[in-house]
Amino acid sequence: MEEEEKIKPQAVIEILDDGPLVISGNFILKDLKRETESTPGEVKLCLCGKTSTRPFCDESHNK
Amino acid sequence: MERDKSLSGNREYTNGEITVYWKPVACVHASYCYRELIEVFDPSSRPWVDMKGAPTARIIEVVNMCPTEALTWKWNDEEKNTAIDINQTNHIKFRRPELLKETGKNRGEEPVSVKVMIDGPIVIKGSFTLVSKGNTKDIKQGLISICRCGASDQLPFCDGRHRKVGYTD
Ligand code: SF4
Ligand code: FES
Ligand code: FES
């Protein structure tokens with residue numbers, strides 16, 4: 001119970017309608033296909049599939 | 001990012017990927033560390049450990065050479081610290097297990113793990129705030145998979161359909 005109390009959300013994960021997944025805060029991003037690992041602090045990941053910079057959003061979802 | 005923080009006479013240094021602990025009282029000046037890697041361990045500069053001086057793998061290698069517990073290390077990603085091979089002699093698990101417990105105390109502040117799976121969803125694990133369709137929800141020690149292929153019947157979550165539709169990155 002006490003353990004539970006101490007747990008604070010470390011990041012905000014926002015799913016934008018018809019847009020990317022926006023993550024900010026304390027997180028570690030791992031891309032298994034491209035074998036990268038980073039702690040960017042804020043990132044937009046493509047959910048629409050149209051981007052040319054996977055896994056990131058390049059705003060192509062607007063087109 | 002470099003940190004030089006006093007902790008009862010001890011110090012810790014990080015490059016974001018690993019943290020190196022320095023316990024001066026245990027140093028016997030066998031000097032392996034600076035003979036091996038002066039770019040990182042330079043007793044003539046302050047702070048004497050420069051985490052930008054070499055790649056992570058090399059720093060780990062040299063820290064493992066220290067004959068005492070003066071130099072120890074751990075991964076910053078706590079998940080990785082659970083399965084450490086015995087030949088990583090100077091991992092804190094073997095030399096200074098008391099530090100492992102200490103990091104356990106900060107459990108509530110572990111970074112969220114975000115994994116972009118191969119040809120699949122984004123798997124998010126940890127404690128975070130989820131905002132979706134105007135709803136905000138705090139999730140504690142949770143796990144969610146967000147669909148990237150668009151074919152899921154459970155959007156925004158993945159229901160495994162990416163395999164059926166043959167989604168590729
Ligand atoms: S190798 Fe270890 S004991 Fe030797 S000088 Fe470096 S820190 Fe001290
Ligand atoms: S969500 Fe922005 S390019 Fe796909
Ligand atoms: S990524 Fe799994 S259903 Fe879309």
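Reckoned from all heavy atoms, side chains included, excluding hydrogens, waters and symmetry mates. The sequence lines fix the lettering, A, B, ..., with proteins before strands; numbering per chain opens at 1.
Contact of Ile124(B) with chain A is made through the side chain alone, with heavy-atom distances under 4.5 Å. Both the backbone and the side chain of Ile28(A) come within contact range of chain B, each with at least one heavy atom under 4.5 Å from a heavy atom of that chain. Looking at Asp17(A), the atoms closer than 4.5 Å to chain B (heavy atoms on both sides) all sit in the side chain, from C-beta outward.
Val112(B) and Ile139(B) fall within a single hydrophobic cluster, where Ile, Leu, Val, Met, Phe, Trp and Tyr are joined by side-chain heavy atoms under 4.5 Å apart, directly or via other members. Grouping the Ile, Leu, Val, Met, Phe, Trp and Tyr side chains by contacts below 4.5 angstrom, directly or via other members, places Ile15(A) apart from Val12(A). A single hydrophobic cluster is seen to contain both Tyr13(B) and Ile38(B), as judged by linkage of ILVMFWY side chains at heavy-atom distances under 4.5 Å, directly or through other members. Met117(B) and Ile122(B) end up in different hydrophobic clusters when Ile, Leu, Val, Met, Phe, Trp and Tyr side chains are linked at under 4.5 Å.
Counting heavy atoms from C-beta outward, Val114(B) and Ile23(A) have side chains that approach closer than 4.5 Å. Side-chain contact between Leu29(A) and Lys115(B) is absent, with no heavy-atom pair separated by less than 4.5 Å. In this structure, Thr129(B) and Ile13(A) have side chains that are not in contact, with every pair of non-hydrogen atoms separated by 4.5 Å or more. The shortest distance between side-chain heavy atoms of Leu32(A) and Val116(B) does not fall below 4.5 Å. The shortest distance between side-chain heavy atoms of Ile146(B) and Leu45(A) does not fall below 4.5 Å. Arg148(B) places a side-chain heavy atom less than 4.5 Å from the side chain of Pro55(A).
At most 12 non-hydrogen atoms from other residues, nucleotides or ligands lie less than 6.0 angstrom from NZ of Lys137(B). Heavy atoms of other residues, nucleotides or ligands lying less than 6.0 angstrom from CG of Asp85(B) number more than 12. Crowding of Lys125(B) atom NZ: a count of heavy atoms from other residues, nucleotides or ligands under 6.0 Å not exceeding 12. Dense packing is recorded around CZ of Arg35(B), with more than 12 heavy atoms of other residues, nucleotides or ligands lying under 6.0 Å away.
Residues Cys147(B) and Leu47(A) approach most closely at O-CD2, 3.5 Å, considering heavy atoms. Shown here for Glu110(B) and Gln10(A), the closest heavy-atom pair between the two residues is O-CG, 3.2 Å.
Atom NZ in Lys30(A) sits 5.0 Å away from atom OG in Ser113(B) (nearest 0.5 Å).
Residue with the most contacts toward chain A among Leu130(B), Asp169(B), Ile118(B): Asp169(B) (heavy-atom pairs, distance under 4.5 Å). Heavy-atom pairs under 4.5 Å with chain A were tallied for Asp138(B), Val131(B), Val123(B), Ile144(B); the largest tally goes to Val131(B).
For the ring pair (Phe, Tyr, Trp, His ring centres under 6.0 Å) condition, no pair includes a residue of residues 145-169 of chain B, sequence neighbours left out.
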